[in-house]
Amino acid sequence: MRAQEPLSLFEAEMRTLSFHNSVYSLLANRCGEEVPRAYAGHSLICGPQGEVLARAGRESELLIADYDLEDRRRIARERGFLDAKLTIS
């Protein structure tokens, strides 16, 4: 049985989310089979520049990536996100 999941779309969404919000993000996708469905795996961790920091394969695995809070703040500051203020009236 083969998984029918749009993995390239999942990755594009996570990379975009990370980049647009200057945050780290992760996608924990199921893997293996639970009849009648198959899951593709390929979990991933993305950094605040939209880069993929770690990627799993089709099997169950533990992903680890370094997190640099100061770098994330610097990136957000350079993009002007930390200066933006939301005013609700």
Side-chain angles (χ1 to χ4, degrees):
M1 183 179 302
R2 186 169 181 164
Q4 300 295 318
E5 296 180 298
L7 296 176
S8 60
L9 178 61
F10 291 168
E11 179 177 327
E13 289 175 331
M14 296 310 294
R15 293 181 70 180
T16 301
L17 177 139
S18 289
F19 181 81
H20 281 182
N21 296 287
S22 300
V23 297
Y24 291 87
S25 67
L26 64 92
L27 169 72
N29 198 20
R30 294 170 79 169
C31 61
E33 291 183 18
E34 290 180 19
V35 176
R37 293 193 56 95
Y39 301 94
H42 296 277
S43 298
L44 53 92
I45 301 173
C46 296
Q49 298 276 34
E51 72 279 29
V52 175
L53 300 175
R55 182 190 323 268
R58 293 186 336 205
E59 303 299 320
S60 180
E61 100 183 63
L62 175 66
L63 293 181
I64 298 173
D66 291 327
Y67 179 91
D68 186 335
L69 186 56
E70 287 306 314
D71 190 45
R72 193 219 69 82
R73 285 187 182 129
R74 179 191 57 75
I75 292 165
R77 193 175 311 109
E78 288 173 0
R79 293 184 186 154
F81 293 152
L82 294 183
D83 298 328
K85 293 188 171 52
L86 175 64
T87 304
I88 301 174
S89 43

Distance check, rounded to the nearest 0.5 Å: [X] atom [atom1] versus [Y] atom [atom2]?
X	Y	atom1	atom2	answer
Met14	Ser25	CE	OG	3.5 Å
Arg79	Asn21	CZ	CG	9.5 Å
Asp66	Asp71	CG	CG	11.0 Å
Tyr24	Glu51	OH	CD	7.0 Å

| Who are the salt bridge (Lys or Arg N to Asp or Glu O under 4.0 Å) partners of Asp68, not counting sequence neighbours? | none
| Listed partners of Glu59 passing salt bridge (Lys or Arg N to Asp or Glu O under 4.0 Å), at least two apart | none
| request: Assess whether side chain to side chain contact (heavy atoms under 4.5 Å, CB included) is satisfied between His42 and Leu7, documenting all intermediate values. | output: CA-CA 8 Å; His42 296 277; Leu7 296 176; 3.4 Å; yes
| said: Strictly distance-based, threshold 3.5 Å: is any side-chain N or O of Glu61 a donor or acceptor partner for the main-chain N or O of Ala56? | reply: no
| said: Test your reading of the model: is there a side-chain donor-acceptor pair from Ser18 to the backbone of Pro48, 3.5 Å cut-off? | reply: no
| note | Smallest heavy-atom separation, Glu33 atom then Ala38 atom, equals CG-CB, 4.1 Å
| remark: Residues Gly41 and Cys31: closest non-hydrogen pair is CA-CB, 3.6 Å
My understanding is that only residues two or more places apart in sequence, or in another chain, count here; which of them pass side chain to side chain contact (heavy atoms under 4.5 Å, CB included) with [X]?
X	answer
Glu34	Arg30, Tyr39
Leu69	Tyr67, Arg72, Arg73
Pro6	Leu9, Phe10
Glu11	Arg15, Leu44, Val52, Arg55

| said: Under the criterion salt bridge (Lys or Arg N to Asp or Glu O under 4.0 Å), I'd like the reasoning laid out for Glu78 against Arg74: C-alpha separation, chi angles, the key distance, then a yes or no. | reply: CA-CA 6 Å; Glu78 288 173 0; Arg74 179 191 57 75; 2.9 Å; yes
| Can Leu26 and Leu63 be said to form a side chain to side chain contact (heavy atoms under 4.5 Å, CB included), step by step? | CA-CA 10 Å; Leu26 64 92; Leu63 293 181; over 6 Å; no
